[in-house]
Number of protein chains: 2
Amino acid sequence: MTIFPALFTVFTMSDQRETILAAAIELYLREGFEGFSMRKLGRELGVTAPALYRHYEGKEHVLAEIMREAHRTFMSTIYRALEAPTALDRFFRAGEGYLDFSLGHPRWYALMFSGPAQIGMEKFPEDIEAMGAAIHQFWIDRVRECMDAGILKEGDPVQTSLTLWAHAHGLVELYHRGHFQIDVTQFRALFEASGARLMSGVATEAFAEELAQKYLNAEAALNA
Amino acid sequence: MTIFPALFTVFTMSDQRETILAAAIELYLREGFEGFSMRKLGRELGVTAPALYRHYEGKEHVLAEIMREAHRTFMSTIYRALEAPTALDRFFRAGEGYLDFSLGHPRWYALMFSGPAQIGMEKFPEDIEAMGAAIHQFWIDRVRECMDAGILKEGDPVQTSLTLWAHAHGLVELYHRGHFQIDVTQFRALFEASGARLMSGVATEAFAEELAQKYLNAEAALNA
DNA sequence: CCTGTGGCGTAACGGTGTTTAGTGCCAAAA
DNA sequence: TTTTGGCACTAAACACCGTTACGCCACAGG
């Protein structure tokens, strides 16, 4: 938590840089990934495209900046869950927040989880990767809390949070790709039910026991 | 199973159409999404770009054809799991096949799970959507088998297969986006462990019971 | 033999990201 | 007050992109 403000401190941008960013965000949210271009962005600002290169090194850097904004917005949504009184409440509120964000701001969600190649970069800048790691850390903390509260099974919170996160992200992705032919409210119900299934386990008790002995032995021994 | 061959019957293409497709696949697999262009494809074939439009209506249709090929390859990989003797073996072999395919052919995997906008289409053609549905059906069948064999808890196989699929897909996506800073063998281990965790359940028994009553009641009553 | 069609090339249109060179303005220094 | 310097901008250009219109030519069918 103490590292959080430092992560999101931004170098003071010139006024023009901020103006451009605001227009870029507006343009991206309206037109999406394919409809975003430097020339359009310039037009929007009453300026020719090359002028933008005085303030941003290239399109990739503008998109990276939008990506930072996406992360910040996501964070501010998700961090509201910390106001809840118990570990369980915080966990569930965080899950709701995740779902709300992914459904309410699909373009920001898509940008957050797009690879470097998609925005024309080899690798993401370090600070963006750090933002991803911070989100992961948030989930790790929620999971650890719930383990301590006797809600989640004891185990490595890092691994368990990945299981939960992958499940949530996978559902959202499949939904956004249009794989499910259902509406939003149906998807919300599906999301909740699938989450509950993940919590309770999919295998029968007999088989779960067998599996646990095979795959989760070392871990269990570690936490005994 | 009987519907399967019909789904993959293709209209006889002219020789040139097939030649173009072969080169297109080669180009896409080598250069990826961003590096694929009609002009490059023409150059590869010793032909100018407009010539391609005698055989394909546009870039989107070429990419759609590659997408069909991706689905076919995926299917032929995954269907090998059906040779295994028991439901459990088929289920696990299918899971291995999924992981192998996603790691061995990341570009094909990415194409299979890319949205229509990414290839420049409004909506996918019906036959491609049918291929996605066929894959889903494959998982549903594996899940139903395992339910009958007493390996998976009784329930709606459609819902349960979605939970499993979303989890697998989410893990693969997060890995491909470079979120995990681990190598392939470590990821394989993570994938297996996370799968086992999903099977056994993440929540403690007490809380799982509480959850089941809240979310899975109707379903359980239905299957009682 | 003629005709028509199919496959291709050329040129072009409008779009993209980006670089280079030049222009004008404004503020600070002399 | 004049000069200078730097900054934000434009215009033009380069190298791409998807796509269309048009003209050419070779080959098959009548």
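A quick note: this is a predicted structure, and the numbers were derived from the prediction, not measured. All chains are named by letter (A, B, ...) in the order of the sequence lines, taking the proteins before the strands, and each is independently numbered beginning at 1.
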**OP:** May I ask you to say what A:A51 touches in the nucleic acid, namely base, sugar-phosphate or nothing, with a heavy-atom cut-off under 4.0 Å?
**Re:** base
Original post:
Across the strands shown, which category fits B:G120 at heavy-atom distances under 4.0 angstrom: base, sugar-phosphate, nothing?
Top reply: nothing
Compute whether any side-chain donor of one residue and acceptor of the other, for [X] and [Y], lie under 3.5 angstrom apart.
X      : Y      : result
A:Y28  : A:W108 : no
A:H61  : A:Y53  : no
A:S194 : A:H167 : yes

Mind calculating the distance between [atom1] ([X]) and [atom2] ([N]) to the nearest angstrom?
X      : N      : atom1 : atom2 : value
A:R54  : C:dG24 : CZ    : C1'   : 13 Å
B:L45  : C:dG7  : CG    : C1'   : 14 Å
A:D15  : D:dA8  : CG    : P     : 11 Å
B:F33  : D:dG18 : CZ    : P     : 12 Å
A:L52  : D:dT10 : CG    : C1'   : 12 Å
B:Y56  : C:dG7  : OH    : P     : 13 Å
A:I119 : C:dG17 : CD1   : C1'   : 15 Å

Original post:
Below 4.0 angstrom from OP1 or OP2 of D:dC7, is there any side-chain N or O of A:Q16?
Top reply: no
Original post:
What are the two closest non-hydrogen atoms of B:M121 and B:A64, and how far apart are they?
Top reply: CE-CB, 4.1 Å
Subject >> Closest-nucleotide ordering on DNA chain D, the 5'-leading residue of B:G35 and A:H55 >> reply: A:H55
Subject >> Any side-chain heavy-atom pair of B:I128 and B:P125 under 4.5 Å >> reply: yes
Original post:
What nucleotide among C:dG9, C:dT18, D:dT10 has an atom nearest to a side-chain atom of A:Y53?
Top reply: C:dT18
**OP:** Could I get the full list of side-chain hydrogen bond (donor to acceptor under 3.5 Å, both in side chains) partners for A:K40, not counting sequence neighbours?
**Re:** A:E31
Taking only N/O atoms, report every protein-nucleotides 13-16 of chain C pair under 3.5 Å with atom names and distance.
from   : atom 1 : to    : atom 2 : distance (Å)
C:dT16 : OP1    : A:S37 : OG     : 3.0

Original post:
Using 30° and 60° as the class limits, which term best fits the ring planes of B:F138 and B:Y79: parallel, tilted or perpendicular?
Top reply: tilted
